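Here's the structure we're looking at; comments come further down.
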Amino acid sequence: MALVVHDTLTRSEREFVPRDPGKVSIYVCGVTPYNYCHIGNARPYLVWDVIRRYLSYKGYSVRYVQNFTDVDDKIIKRANEEGISALEVADRYIKEYFYDMDALGIKRADVYPRVTDHIPDIVAMVEKLIETGNAYVLDGDVYYSVESFPEYGKLSGRSLEDLKAGARVEVDARKHHPMDFVLWKASKEGEPAWDSPWGPGRPGWHIECSVMSLKYLGPGFDFHGGGSDLVFPHHENEIAQSEAATGTAFARYWVHNGFINMGGEKMAKSVGNVTRVRDIVKEYPGPALRYYMLSTHYRSPIDFNMEDMPAAQRGWERLRNLEENLDRALAGQETAMPQDLSSNAREFLSKLAEYRSAFEVAMDSDFNTAQASGVLFDLARDLNSYLAAGNITGERAAVLAKGRDLFLSLGEVLGLTGVDEGGQDRVMVDGLVRLVAELRQEARARKDYATADRVRDRLAELGIVLEDTSAGPRWRYN
RNA sequence: GGUGCGGUGGCGAAGUGGCUAACGCCGUGGUCUGCAAAACCAUUAUGCGCCGGUUCAAAUCCGGCCCGCACCUCCA
């Protein structure tokens with residue numbers, strides 16, 4: 001079955017064919033670490049986390065590169081405000097970035113190149129662009145000449161004429177064309193600077209991604225992604241630089257995610273309506289936020305509302321409860337598939353195959369995580385029914401184990417199962433709860449239900465949900 | 001001004017020509033339970049912004065209108 005991807009460049013759905021058979025190369029524009037991540041910042045990384053998980057699931061060997069823009073005006077400003085170096089600001093917020101990504105269960109990229117580690121590469125590419133006549137020097141600055149690249153505007157679907165007409169910025173009259181953008185910026189007093197053939201300075205914003213993506217993935221790599229606001233000018237400029245320098249196509253597929261709004265307005269620090277990732281994960285489980293964001297297709301905007309989080313949490317808990325119940329039911333069970341299967345068992349197994357294929361159809365349709373999660377819930381309902389239908393032994397255990405494997409393998413793609421919720425304290429807390437549960441069982445045996453209820457209620461207040469089942473008490477942590 | 005996206009049940013959200021309009025949450029009734037919880041079953045849009053049109057058949061295609069949003073500047 002073919003994976004189909006919506007490509008911003010062609011504005012169409014295209015079948016995915018990798019540059020190198022069996023391998024996928026991905027470059028996603030990373031953050032400028034000068035502040036904590038809000039959920040709008042986090043969306044692309046969540047989206048790409050799922051995309052790369054799915055590509056791995058499909059058997060591709062994935063190489064995923066995501067940069068850090070660790071020198072830039074905002075970082076310098078922040079450094080000056082706090083009286084520390086730009087490097088210290090970047091290091092600090094990179095650490096915070098990982099803290100937030102971990103809370104969301106986002107796996108690490110293979111490489112996190114930083115701009116400041118690639119200055120010689122950047123200088124080399126700027127020199128190359130000057131050589132090829134695509135760039136010019138102006139008082140220590142170097143500009144890219146958009147008129148030198150006939151296809152300029154092909155990604156964002158704009159012509160130079162449109163852009164000139166719509167320009168909302170004061171144009172530097174020295175530039176050859178109003179849309180020319182800076183490749184190398186001469187440094188001002190007190191700014192971080194590196195030596196270059198044009199004097200001390202630092203890279204412009206767009207050049208880093210061209211340099212680092214080409215360095216780590218080579219020309220014509222498979223996916224280039226980021227938020228939809230990066231289409232213009234950032235990605236447009238990356239194409240112009242890279243294709244002018246290499247003479248070949250830059251990236252094969254351009255994938256852009258929609259924005260997160262807040263009260264109908266774009267979430268942005270400048271608007272002041274941001275909700276940080278950590279503001280949410282201190283109140284709700286990380287996977288709940290994950291599920292919340294994945295229940296909308298990645299290209300659609302999400303109007304974030306904190307009041308929708310409880311519903312997302314409940315939804316995710318449904319999956320988590322099932323995962324726990326399956327673990328319990330199958331613990332210590334012999335799950336080797338017997339030779340002869342009953343017709344019930346065969347029927348259930350074929351149903352499992354249908355769920356797998358429905359999930360793949362959804363994900364193959366431009367990574368439709370909303371539909372895919374629907375399939376996961378359908379599967380969950382069947383597994384719950386199966387679990388409730390009788391004792392899990394013999395053939396039933398073997399069949400259920402297959403169901404569990406499927407559930408976990410699909411859940412893993414979305415990152416909604418296999419979540420490690422416990423810290424090291426969990427072991428001790430678990431021991432304490434086991435003790436309390438035993439005492440409560442004794443109370444119940446005496447028909448002292450007042451005590452039994454009090455224990456359960458008090459535990460519930462602490463976020464520990466105790467349940468009585470035919471197999472004895474069990475509990476989970478909310 | 002230019003470019004693009006969207007309006008589906010109480011809420012969130014899939015579905016882009018044809019089965020009963022997925023799925024999650026909430027509500028209601030039931031099963032199970034000492035009571036609960038979890039889970040399961042049943043139930044909740046004769047209708048998919050509005051008006052026309054095409055078609056045997058449209059939420060899905062076409063035209064018009066209304067409303068919301070984003071990008072064109074740093075921005076995920």
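Predicted, not measured: the structure shown is a model, and the values here were computed from it.
With distances taken from any side-chain atom of Asn325(A) to the nucleotides A76(B), A38(B), C72(B), the minimum falls on A38(B). Here C35(B) is the nucleotide among G15(B), A38(B), C35(B) with the atom lying nearest to any side-chain atom of Asp453(A). Nearest nucleotide to the side chain of Ile260(A), out of A76(B), G24(B), G34(B): A76(B). Distance from the side chain of Asp378(A) is smallest to C23(B) among C23(B), A38(B), C71(B). Across A14(B), A36(B), C23(B), the shortest atom-to-atom separation from the side chain of Ser300(A) is found for A14(B). Checking A76(B), C40(B), A38(B) against the side-chain heavy atoms of Tyr45(A) singles out A76(B) as nearest. For Ala370(A), taking side-chain heavy atoms from C-beta onward, the closest of the listed nucleotides A38(B), A13(B), A76(B) is A13(B). Among the nucleotides A38(B), C40(B), C72(B), the one closest to the side chain of Arg476(A) is A38(B). Side-chain proximity of Asn368(A) to A37(B), G34(B), G15(B): nearest is G15(B). Nearest nucleotide to the Tyr291(A) side chain, out of C23(B), A76(B), G24(B): G24(B).
Here Lys447(A) lies out of heavy-atom contact (under 4.0 Å) with every strand. Contact annotation for His256(A): no contact, since no heavy-atom pair falls under 4.0 Å across all strands. Using a 4.0 Å heavy-atom cutoff across all strands shown, Arg440(A) reaches at least one base atom of the nucleic acid.
The gap from the C1' atom of G2(B) to that of U20(B) amounts to 46 Å, rounded to the nearest Å. With P as the reference atom, C25(B) and A42(B) are 15 Å apart, rounded to whole Å. Only the P atoms considered, C71(B) is 27 Å distant from G9(B), to the nearest whole Å. Look at the C1' atom in both C66(B) and U46(B): the space between them is 25 Å, to the nearest Å. Here the separation of C74(B) from G15(B), taken at their C1' atoms, is 38 Å to the nearest Å. Straight-line distance between the P atoms of G53(B) and A58(B): roughly 12 Å, to the nearest whole Å. Nucleotides C48(B) and U60(B) are separated by 9 Å at their P atoms, to the nearest Å. For the C1' atoms, the distance linking G30(B) with G49(B) amounts to 38 Å, nearest Å.
Stacking of Tyr292(A) onto the six-membered ring of G12(B) is not present when judged by under 5.5 angstrom between centres and under 30° between planes.
Side-chain atoms of Asp468(A) come within donor-acceptor range of the base of C35(B), with a qualifying N/O pair under 3.5 Å.
Contact annotation: Asn305(A) side-chain N/O to G12(B) OP1/OP2 distance is not under 4.0 Å. Note on Asn41(A): a side-chain N or O is less than 4.0 Å away from OP1 or OP2 of A76(B). OP1 or OP2 of U3(B) has not a single side-chain nitrogen or oxygen of Arg11(A) nearer than 4.0 Å. When the side-chain nitrogen and oxygen atoms of Arg314(A) are compared with OP1 and OP2 of A38(B), one or more of them lie within a distance under 4.0 Å. Between Asn384(A) and C40(B) there is a side-chain N or O to OP1 or OP2 distance below 4.0 Å. For the pair Arg456(A) and U33(B), the criterion of a side-chain N or O lying under 4.0 Å from OP1 or OP2 is not met.
Here His176(A) contributes atom NE2 and Leu138(A) contributes atom CG; the two are 7.0 Å apart, rounded to the nearest 0.5 Å.
The nearest pair of heavy atoms linking Arg276(A) to Tyr36(A) is NH1-CD1, 3.1 Å.
Phe377(A) has its CZ atom 15 Å from the C1' atom of A38(B), to the nearest Å. Rounded to whole angstrom, the span from the CD atom of Gln371(A) across to the P atom of A13(B) amounts to 16 Å. When rounded to the nearest whole Å, the span between CD1 of Ile302(A) and P of A70(B) equals 15 Å. If you measure from atom CZ of Phe259(A) to atom C1' of G4(B), you get 13 Å, rounded to the nearest angstrom. Separating the OH atom of Tyr386(A) from the P atom of C41(B) is a distance of 16 Å, rounded to the nearest angstrom. Put simply, CG on Asp308(A) is 8 Å from P on A13(B), counting in whole angstrom units. Across the protein-nucleic acid pair, Leu459(A) atom CG and A37(B) atom P stand 16 Å apart, rounded to whole Å. Atom CG of Asn257(A) is separated from atom P of C5(B) by 16 Å (rounded to the nearest Å).
For Lys154(A), the NZ atom counts as densely surrounded, since its 6.0 Å shell holds more than 12 non-hydrogen atoms of other residues, nucleotides or ligands. Environment of OH in Tyr99(A): sparse, with no more than 12 heavy atoms of neighbouring residues, nucleotides or ligands closer than 6.0 Å.
Taking the six-membered ring for Trp and the full ring otherwise, Phe181(A) and Tyr144(A) have centroids separated by under 6.0 Å. Taking the six-membered ring for Trp and the full ring otherwise, Tyr27(A) and Phe250(A) have centroids separated by 6.0 Å or more. For Tyr97(A) and Tyr45(A), the distance between ring centers is under 6.0 angstrom.
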### Query
Where each pair must be Watson-Crick or G-U wobble with both distances under 3.5 Å, what dot-bracket representation of RNA chain B is obtained, with crossing pairs in [ ] and other-strand partners as |?
((((((((.[[[..)..(....]]].(((((.......))))).....[[[[[..)....]]]]])))))))....
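Evaluated for a salt bridge (Lys or Arg N to Asp or Glu O under 4.0 Å) with Arg202(A), the options Asp72(A), Asp73(A), Asp141(A) yield exactly one hit, Asp73(A).
Between the side chain of Glu147(A) and the main chain of His177(A), no donor-acceptor pair closer than 3.5 Å is present. Under a 3.5 Å cut-off, the side chain of Gln66(A) and the backbone N or O of Val28(A) do not form any donor-acceptor pair.
Along RNA chain B, the nucleotide nearest Ser365(A) and the nucleotide nearest Leu319(A) are compared for position; the residue whose nucleotide lies closer to the 5' end is Ser365(A). When the nearest nucleotides of RNA chain B are assigned to Gly226(A) and Arg299(A) by heavy-atom distance, the more 5′-ward of the two goes with Arg299(A).
With no hydrogens or angles considered, a side-chain donor-acceptor pair links Glu360(A) and Tyr57(A) at under 3.5 Å.
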